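I have placed the structure first, in the form of structure tokens, so that the comments after it can refer back to it.
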Amino acid sequence: MPPDIGPPAPPMAGDPIGGHPTPRRGRRTVGDRWGWGRYARPTMAKAPVLTPQADDFPRWYQDVLAKAELADNGPVRGTMVIRPYGYSLWERMQAEMDARIKDAGAENAYFPLFIPESYLTREAEHVEGFSPELAVVTHAGGKELEEPVVVRPTSETVIGEFMAKWISSHRDLPLLLNQWANVVRWELRTRLFLRTSEFLWQEGHTAHATESDAAAYASRILHDVYRDFMVNVLAMPVLVGRKTRQERFAGATNTLACEAMMGDGKALQMGTSHELGQNFARAFDITFQDANGTQQTAWTTSWGTSTRMMGGLIMCHGDDRGLRVPPRLASTQVVVLAIRDEEGVVPAARLLGEELQALGVRVRVDDRTDVSFGRRATDWELKGVPVRIEVGPRDLANGEVTVVHRMAGEKVQAPIAGLAATVPALLDELQASLLAEATDRLAARTAEVATIDEAREAAATGFARIPWATLGEEGEAALAEHAVTVRCLQMPDGSVPRSEDDPDVLAVVARAY
RNA sequence: CGGGGUGUGGCUCAGCUUGGCAGAGCGCUGCGUUCGGGACGCAGAGGUCGUGGGUUCAAAUCCCGCCACCCCGACCA
């Protein structure tokens with residue numbers, strides 16, 4: 001993402017879908033908890049820009065999507081339009097993920113959107129898992145097709161077909177592929193980013209000579225790619241673990257996952273990594289000759305993360321003022337806001353922008369002085385830009401600027417000379433504070449419990465960890481009656497269990513998106 | 001598929017009970033004043049009232065059919 005700097009600033013429509021003339025629920029008094037009382041509205045509390053989280057979290061989420069210009073509903077039910085600002089964040093996710101995927105040795109490729117229906121039916125569990133949500137093309141080119149084609153819900157099958165073609169020797173293994181693509185799953189109930197009928201993702205597919213190689217690679221992706229990205233870039237503390245039989249991917253022998261806690265205490269699955277055993281290799285005849293000249297069946301894996309992470313980002317870090325984007329992810333890390341067009345303000349802002357850009361900071365100069373200051377400040381806060389530097393005549397008279405941190409809302413005066421050089425460290429600090437805040441919440445809202453009743457109760461506000469031996473598949477089914485599911489199984493120290501039969505294994509249960 | 005609800009300018013909705021000139025807020029356009037926390041004034045543009053039929057002198061409003069969408073339950077990254 002090239003930094004966007006200098007004039008003229010692109011148009012930023014103020015209020016894309018119209019305002020809400022009255023607050024839907026109650027009235028927000030500006031929270032001193034964020035340290036804003038000194039600066040905020042002097043007397044009467046205005047209608048909140050967003051529905052407060054505490055009033056209606058889903059409504060807040062919708063408000064953020066619209067007001068931060070992240071996404072809109074598409075014309076076909078369940079589809080999504082990702083707006084430029086939202087897409088710029090997705091592009092950053094892609095860039096960071098892609099680098100890690102390549103570090104893990106996988107190469108990008110592209111497989112077709114359309115898959116012969118017959119492919120899907122080759123793996124019994126797989127077809128059973130996906131058939132309810134398949135979009136199938138029966139007519140094309142003005143006539144009925146002899147064999148319907150499905151719009152890919154995931155690509156294990158086509159890729160399996162080609163792996164079989166490309167692999168003949170143990171020297172061809174491991175085969176490590178990844179693709180960035182869209183997939184379609186006809187969902188009954190959808191929510192922007194979290195569950196849409198079409199979404200964007202990366203899906204990795206690998207083939208290995210042995211079961212242990214495959215397992216090790218699935219684990220490597222989970223830890224070195226997914227968890228590393230989520231913790232260090234998204235500033236989201238994620239739990240890693242294995243899925244129960246109930247929650248496992250259709251066709252997998254083992255599913256590993258990263259689970260995160262949202263601001264309302266509910267869980268969101270952020271990424272999965274599957275060991276597919278030899279299920280797909282057998283179905284698609286992915287075989288190779290080993291060093292002894294014997295024909296062997298390969299072991300495959302698949303792993304994916306999607307635009308759902310956008311929803312996770314919003315719901316993990318967002319507050320009543322909007323989104324809060326961790327600096328390492330941010331497509332715009334710093335916005336330099338020229339307060340008004342007089343006394344050299346705009347040139348000073350642009351100069352500061354250039355200095356920051358030269359330091360590698362992703363900076364944007366907002367010199368739209370025809371738009372009121374308050375409107376612009378609010379817009380950038382909604383978008384979650386980590387640092388806003390305000391440059392106005394009063395500041396310049398003192399050789400200063402005003403630096404505002406989005407995370408805690410802190411506002412400080414700083415000398416303009418030498419300021420740029422301090423920004424990278426500030427961004428690191430804000431990145432760490434966001435991670436710390438989320439980590440504290442996760443710890444505070446995770447309960448260690450001993451009984452199923454306690455687990456259910458704890459899941460009302462957060463996560464509960466209960467011995468898997470106590471819960472079991474019967475307990476899992478019982479909790480499901482209360483919309484509480486087992487998010488993953490893990491060891492007491494948070495590591496991934498080798499087997500669900502280990503007596504120390506704990507089940508993490510929660511309500512989930 | 002079961003239960004509930006809604007279709008009226010770009011957005012959110014009022015008007016319907018009791019038929020009588022199609023409205024408001026926000027957004028948009030122009031001009032002016034503003035500009036350090038969603039600015040304000042004035043002047044404008046913009047609507048086949050989801051759709052087909054019926055009743056009536058007259059239908060957004062009453063009646064019947066259809067369509068679409070939303071919410072709550074059974075599936076899912």
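Just so we're on the same page: letters track the sequence lines, and every chain starts at 1. The shown structure was predicted, so the numbers you read here are calculated from the model rather than taken from an experiment.
Base pairing annotation: B/U34 forms no Watson-Crick or G-U wobble pair, as no partner gives both donor-acceptor distances under 3.5 Å. Checking B/A60 for Watson-Crick or G-U wobble geometry (two distances, each under 3.5 Å) identifies no partner in any strand. Pairing for B/C1 is with B/G73, a Watson-Crick or G-U wobble pair whose two hydrogen-bonding atom distances lie under 3.5 Å. Base pairing of B/C66 is made with B/G50, judged by Watson-Crick or G-U wobble geometry with both donor-acceptor distances under 3.5 Å. Nucleotide B/G44 is matched to B/C28 when pairs are restricted to Watson-Crick or G-U wobble geometry with both distances under 3.5 angstrom. Base pairing analysis places B/G9 opposite nothing; no Watson-Crick or G-U wobble pair with both distances below 3.5 Å involves it.
The nucleotide whose nearest atom lies closest to any side-chain atom of A/V49 is, among B/G38, B/G37, B/C76, B/G38. Here the nucleotide nearest the side chain of A/T402, chosen from B/G27, B/G36, B/G37, is B/G36. Counting only heavy atoms from C-beta on, A/E390 has its side chain closest to B/G37 among B/G37, B/C75, B/G38. If you check B/G38, B/C76, B/G36 against the side chain of A/E187, the one that comes closest is B/C76. For A/I339, the side-chain atoms get nearest to B/C35 when compared with the rest of B/G37, B/C35, B/A39. Closest approach to the A/K67 side chain among B/G38, B/G37, B/G36 is made by B/G38 (side chain taken as heavy atoms from C-beta onward). The A/R195 side chain lies nearest to B/C76 when the options are B/C76, B/G36, B/G37. Listed nucleotides: B/G36, B/G27, B/G37. Nearest to the side chain of A/D395: B/G36.
The nearest whole Å value for the distance from the CG atom in A/D370 to the P atom in B/C31 is 12 Å. As rounded to whole Å, 8 Å separates atom P of B/C70 from atom CG of A/N73. B/C11 atom P lies 16 Å from atom CD of A/Q62, rounded to whole Å. Following rounding to the nearest Å, A/E125 (CD) and B/C76 (P) show an atom-to-atom distance of 12 Å. Note: CZ (A/R340) to P (B/U33) measures 15 Å, nearest angstrom. One atom, CE of A/M270, and another, C1' of B/C76, lie 17 Å apart when rounded to the nearest Å. If you take CZ of A/R308 and C1' of B/C76, they are 8 Å apart, rounded to a whole angstrom. Rounded to an integer number of Å, the gap from A/D63 CG to B/G38 P is 19 Å.
For the ring-ring contact (aromatic ring centres under 6.0 Å, His included) condition, the pairs that include at least one residue of residues 255-276 of chain A, sequence neighbours left out, are A/F249-A/H274.
A close approach under 4.0 Å does occur between a side-chain nitrogen or oxygen of A/S372 and OP1 or OP2 of B/A39. In this model, the phosphate group of B/G73 is approached by a side-chain N or O of A/R189 to a distance below 4.0 Å at OP1 or OP2.
The gap from the P atom of B/A45 to that of B/G5 amounts to 40 Å, rounded to the nearest Å. The C1' atoms of B/G19 and B/A60 are separated by 10 Å, rounded to the nearest whole Å. Spacing of C1' atoms, B/U61 relative to B/G54, comes out at 15 Å, to the nearest Å. Nucleotides B/U6 and B/C62 place their P atoms 12 Å apart, quoted to the nearest Å.
Not a single donor-acceptor pair under 3.5 Å links the side chain of A/N398 to the backbone N or O of A/E400. Counting only distance, with no hydrogens or angles, the side chain of A/R376 and the backbone of A/I339 share a donor-acceptor pair below 3.5 Å. Side-chain atoms of A/R242 never come within 3.5 Å of backbone atoms of A/T255 as a donor-acceptor pair (strictly under, hydrogens ignored). A/T79 contributes a side-chain N or O that, together with a main-chain N or O of A/V76, makes up a donor-acceptor pair within less than 3.5 Å. Not a single donor-acceptor pair under 3.5 Å links the side chain of A/Q179 to the backbone N or O of A/N108.
Checked by distance alone, A/K411 brings no side-chain donor or acceptor within 3.5 Å of a matching partner on the base of B/G36. Applying the 3.5 Å distance criterion, the base of B/G37 shares a donor-acceptor pair with the side chain of A/R388. Judged by atom type and distance alone, A/D379 does not reach the base of B/G38 through any side-chain donor-acceptor pair under 3.5 Å.
Of the two residues contacting RNA chain B, namely A/T307 and A/Q413, the nearest-nucleotide position lying further toward the 5' end is that of A/Q413. Where A/G78 and A/F373 meet RNA chain B, the nucleotide closest to each residue was compared, and A/F373 sits on the side nearer the 5' end.
Under a cutoff of 6.0 Å and an axis angle of 45°, A/R83 and A/Y87 do not form a cation-pi pair.
Counting any heavy atom pair closer than 4.0 Å across all strands shown, A/G392 reaches a base atom. Base engagement by A/F199 is indicated by at least one non-hydrogen atom pair under 4.0 Å involving a base atom.
To the nearest 0.5 Å, the span separating OG1 on A/T332 from CZ on A/R92 amounts to 10.5 Å.
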